[in-house]
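If you're wondering where the values come from, they're calculated on a predicted model, not measured in any experiment. What's counted below: heavy atoms across the whole structure, side chains too, no hydrogens, waters or symmetry copies.
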Amino acid sequence: MENKNPCISVVDLTMAYGDFVVMRNLNFTINRGDIFIIMGGSGCGKSTLLRHMIGLKPPAKGEILYGDFNFWKAEPARRQEMMRHVGVLYQSGALWSSMTLAENVALPLQQYTRLSKEKIREQVSLKLSLVALAGFEDFYPSEISGGMRKRAGLARAMALDPEILFFDEPSAGLDPVSAKRLDDLILQLRDSLDATVVVVTHELASIFAIGSNSVFLDPESRTMIASGDPKKLLAEDHDPRIQTFLRRGETEEDQA
Amino acid sequence: MGDASVHLSLTGEEILTVHLKGKWQMETDVPSTETAMEQLDRHPSIKRIVFNAMALSSWDSSLVIFLFGISKLALGRKIQVDKDGLPPGVRQLMDLATAVPKREDAKQSVSRAGFFARVGSEATDFAKSAGDLVTFTGAAFEAFVRMVTGRARFRASDLWLFLQEAGAQAVPIVSLISFLVGLILAFVGVLQLSMFGAEVYVADLVGIAMVREMGAIMTGIIMAGRTGAAYAAQLGTMQVNEEIDALETLAVPPMEFLVLPRMVALTLMMPFLVLYANLMGILGGALVAVGMYNINILVYLNRTKAAIGLNDLFIGLFMGAVFGVLVALSGCLRGIECGRSASAVGDAATSAVVTGIVAIIIATAVITVLCSILGI
């Protein structure tokens, strides 16, 4: 990445549920234009970290900075304003089940803009066609497949042309081909929208295909043990925990 | 073939051979490790255990468990166990099960709290949940004020849907229950009144009871079970599905978008349902009076008209509106604070009904006492 201006900085973050500390001493920076991977084994707090970054859970300690905007120290109203520039794709899609796909994608637009009904309709059909769901406007989330639901969730996340996109396990529950297509879509969107992308995942294929930077969370020591380009981590980092993860538990001799 | 059996033999004084025979299946009786233990106790000189599985015809996990039992005994007595004589599949399973040592810290520490500790934590939980209810009510009121000033965000189509669900669709069950309640009141009342030859006053009894209290209470309880539970389940499922998170990250307050239309719909519809329940109750009473005691229907209706004051009617309708708020609030509160599992949704629905009914009864008591103080 040529322009190295930080987009999100996490400073000395500690995450906890009550007294139970999930992760401590998290320090990393996400640059503009990065596809930043949050990786680690199941249950190590990846999604919790995401929930901290999108304003659903306040940190026990530490700060999250968007540029120089201190996210959790700010007034809730300012935080909401900030969230206008952020899109989130939840693990299960999290489409509102009582609303059609078109209404799902339209709601953020109605919430933040004063566009006319006609304009919103155009936006909605554009966003749905970007994720290859043109013509599905009047379907309810329960009437489409899991992969389609995920793509519809992505269309909703992109509704406001966000500068930052968060993905919680985008390829979970998708077949390898659909997962690959979603990865390609993420890359294309990053390039065309000039967005910064943060992805929570443990799919190795995705990590190497799209990741330009990453942080590795280790559940045993309850903190991050590495950060950087995942391909470089694979080649250069000699921590056995990272090597095991990135090589699916196989040693170098196994792969050769 | 034959059943599972085990036979032990000593080679010299140091080697114990375990002969495994027959079909080792979970459903059939398999030997326990006790005989082996007896042998080991009787011959403390044993240094090694070997296995002979030549006569073993089939096996499943029950054999593996038996062998683990033996290994454990051997380990305690520092005896070497030689697995070579076992079928390769058994050996693999045993290696697999012991490959990763048991994690001692993985077990959740289930500390049995003492009686007083539990009473204490229940009490603090109760205080906390009461606090949550007050906070939630405040937030709901705030949202309501925003709606009145036209700043609240919800979809009109949602409101219409909820009006229909809490109104027209509840009419059949409300009809049935209130008709029967009127009928029961008349039955019980007329028996007593007939002892004084005052059967006609059953119209007063049924009319006042229905209009002032029973119509509202019965409708409230029906709606708590019907609509309150539905609200809790709807919002709970949305919570499980991350739909509420998605609203929050878009800065759409769930309080306005989800709770407000439900609350408004139920509060608007409840007085209408109560009015209708009153009518059905009076008709139920009339059926008993006319059908069993030959009281003229016109006389019955005239007595009813004379007995019920406008005050009584309005108190009943007012209670109906209050119950609507309470049922909607408890349903939505339990739904919003629902955990993230299927059983949590069930708990939320149960708890919504219980909270709703308790709230209705408490509110009835408060309103009745207030009315008697104010002399209405």
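Residue contact with chain B, scored on non-hydrogen atoms closer than 4.5 Å, involves the side chain of A:L107 exclusively. Neither the backbone nor the side chain of B:L161 comes within contact range of chain A; no heavy atoms are under 4.5 Å apart. Both the backbone and the side chain of A:Q91 come within less than 4.5 Å of a heavy atom in chain B. If you measure heavy-atom distances from A:R156 to chain B, the contacts under 4.5 Å come from the side chain alone. Looking at A:I54, the atoms closer than 4.5 Å to chain B (heavy atoms on both sides) sit in the backbone and in the side chain alike.
Counting non-hydrogen atoms of other residues, nucleotides and ligands closer than 6.0 Å to CZ of B:F141 gives a total of 12 or fewer. Enclosure of atom CG in A:D194 is not indicated, since only 12 or fewer non-hydrogen atoms of other residues, nucleotides or ligands lie within 6.0 angstrom. For A:F28, the CZ atom is densely surrounded, since the number of other residues' heavy atoms within 6.0 Å is greater than 12. When the shell of 6.0 Å around CZ of B:F144 is examined, it contains 12 or fewer heavy atoms from other residues, nucleotides or ligands.
Residues B:E243 and A:Y90 form no side-chain contact, since every pair of their non-hydrogen atoms from C-beta on lies 4.5 Å or further apart.
One distance of note links CD of A:Q80 with OG1 of B:T249; it measures 10.5 Å at 0.5 Å rounding. The structure places CD of B:E248 at 10.5 Å from CE of A:M83, a figure rounded to the nearest 0.5 Å.
Comparing B:I244, B:D245, B:D158 by how many heavy-atom pairs each has under 4.5 Å with chain A, the most go to B:D245. Of all the listed residues (A:E81, A:M99, A:R79), the one sharing the greatest number of non-hydrogen pairs under 4.5 Å with chain B is A:M99.
Of the possible donor and acceptor atoms, one in the side chain of A:Y112 sits under 3.5 Å from a partner among the backbone N and O of B:L250.
Pairing each heavy atom of B:A246 with each of A:A94, the nearest pair is CB-O, 4.0 Å.
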